[in-house]
There are 2 protein chains.
Amino acid sequence: MKNESPPKPTPTELSILGILWERGPSTVREVHEIISKTKPIGYTGVLKFLQIMTVKGSVRRNSDQRAHVYEAFQQEDKTKRQLVGDLMQRAFSGSASELVMHALAGKRTSQEEIDEIRRILDAHERKST
Amino acid sequence: MKNESPPKPTPTELSILGILWERGPSTVREVHEIISKTKPIGYTGVLKFLQIMTVKGSVRRNSDQRAHVYEAFQQEDKTKRQLVGDLMQRAFSGSASELVMHALAGKRTSQEEIDEIRRILDAHERKST
DNA sequence: GCAGTACTACGAACCCGTTCGTAATGGCAA
DNA sequence: TTGCCATTACGAACGGGTTCGTAGTACTGC
């Protein structure tokens, strides 16, 4: 047993985690204000998810204040790695190049993005050599 | 309305589609033999999925033979593109470079894979200029 | 023609993600 | 202190993905 394997977040959980990763610790109200712009969900809905995620251990609650403050406890990197790895395995038999190919085919990508990816490749190459 | 938007396959459906994409038209028995090596599922379970997918339109059935032959009807490229695009949007705010970074971080990648990705980048660059 | 076998069809049930409605709690103002 | 408002807590319900058990159907050998 070597890694604590963060449970795979459901779609809605991921949306919420994303907000917490980006904004840092936030109250239910803050999360709700942001997420409701893109997803139809009520205040208590967000709260419910935060509670579930608290039980699962993917977020932590600080109840010092009246309005409880939640923060992401699940590691951003590890979670994202797992999500991509899972899809890569299930849809592309583990082939990274196939994954990249379809990722680029799906949307227009700026020159900066492409250059950035090249840098990532260089760095990865140097590391693993 | 321009694209027929292939419905997003569920995890198990994707496993089956993958087999059909790779092997071509197959019978229930053949699919079951392959998938049961990695996933605990019975014969009728596979059949059930094939039936559901037939209704959804992602596979087609040929009942000329006694053992019906199923073939993938859903486009491989389009489906994969959608899956990656969806994850990229939900987990990485649409950033292709972040996606690639975490994909590579998740597993060891051979030199050939990396070179292949570079080729893909080159091709994509040329096309979009 | 009859029994046995292999395959397909159908329906029920279960689990989990998701959502909502309502009750309980605690602080603030008058 | 009392009443109002914001916030949290809890439970129920709905839907979809997944699985399994059983019934129906067609072919094969005797």
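Every chain is numbered from 1 and lettered A, B, ... according to where its sequence line falls, protein lines coming before strand lines. Nothing here was measured: the structure is a model prediction, and the numbers come from that model.
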Enquirer: Please state how far atom CG in Leu47(A) lies from atom C1' in dT8(D), giving the value in whole angstrom units.
Expert: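 Taking atom C1' of dT8(D) as the reference, CG of Leu47(A) is at 6 Å.
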Enquirer: Which whole-number value in Å describes the distance from Leu50(A) CG to dG17(C) C1'?
Expert: 16 Å
Enquirer: To the nearest Å, how far apart are Tyr43(A) OH and dT22(C) C1'?
Expert: 15 Å
Enquirer: Do the side chain of His68(A) and the main chain of Val28(A) share a donor and acceptor less than 3.5 angstrom apart?
Expert: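 Pair absent, no side-chain N/O of His68(A) close to backbone of Val28(A).
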Enquirer: Starting at OG of Ser26(B), measure out to CG of Leu20(B) and round the result to the nearest 0.5 Å.
Expert: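 Going from the OG atom of Ser26(B) to the CG atom of Leu20(B) covers 5.5 Å.
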Enquirer: Does a side-chain N or O from Gln51(B) land closer than 4.0 Å to OP1 or OP2 of dC10(C), or not?
Expert: no
Enquirer: Do Glu13(A) side-chain atoms and Thr10(A) backbone N/O form a donor-acceptor pair below 3.5 Å?
Expert: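 Here the side-chain-to-backbone pair exists.
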Enquirer: Give a yes or no answer on whether the side chain of His124(B) reaches the backbone of Met101(A) with a donor-acceptor pair at less than 3.5 Å.
Expert: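 Pair absent, no side-chain N/O of His124(B) close to backbone of Met101(A).
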Enquirer: When you measure from the side-chain N and O atoms of Arg61(A) to the phosphate of dA9(D), is any distance below 4.0 Å, counting only OP1 and OP2?
Expert: yes
Enquirer: Could you list all the side chain to side chain donor-acceptor pair (under 3.5 Å) pairs where at least one residue sits in residues 43-53 of chain A, not counting sequence neighbours?
Expert: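 Matches after skipping sequence neighbours: none remain.
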Enquirer: Can a side-chain donor-acceptor contact be found between Ser95(B) and Ser97(B) if the only test is distance below 3.5 angstrom?
Expert: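 Distance-only check passes for Ser97(B) and Ser95(B).
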Enquirer: Does a side chain donor of either Asp86(A) or Gln82(A) reach within less than 3.5 Å of an acceptor in the other side chain?
Expert: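 Asp86(A) vs Gln82(A): no donor-acceptor pair found between side chains.
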Enquirer: Under 4.0 Å, heavy atom to any atom of DNA chain D: which of residues 17-34 of chain A qualify?
Expert: Val28(A), Arg29(A)
Enquirer: Take nucleotides 18-30 of chain D nucleotide by nucleotide from the 5' end and write B, S or -, depending on whether a protein heavy atom sits under 4.0 Å from the base, only from the sugar-phosphate, or from neither.
Expert: BBBBB----S---
Enquirer: Atom CG in Leu99(A), atom CE in Met88(B): separation rounded to 0.5 Å?
Expert: 9.0 Å
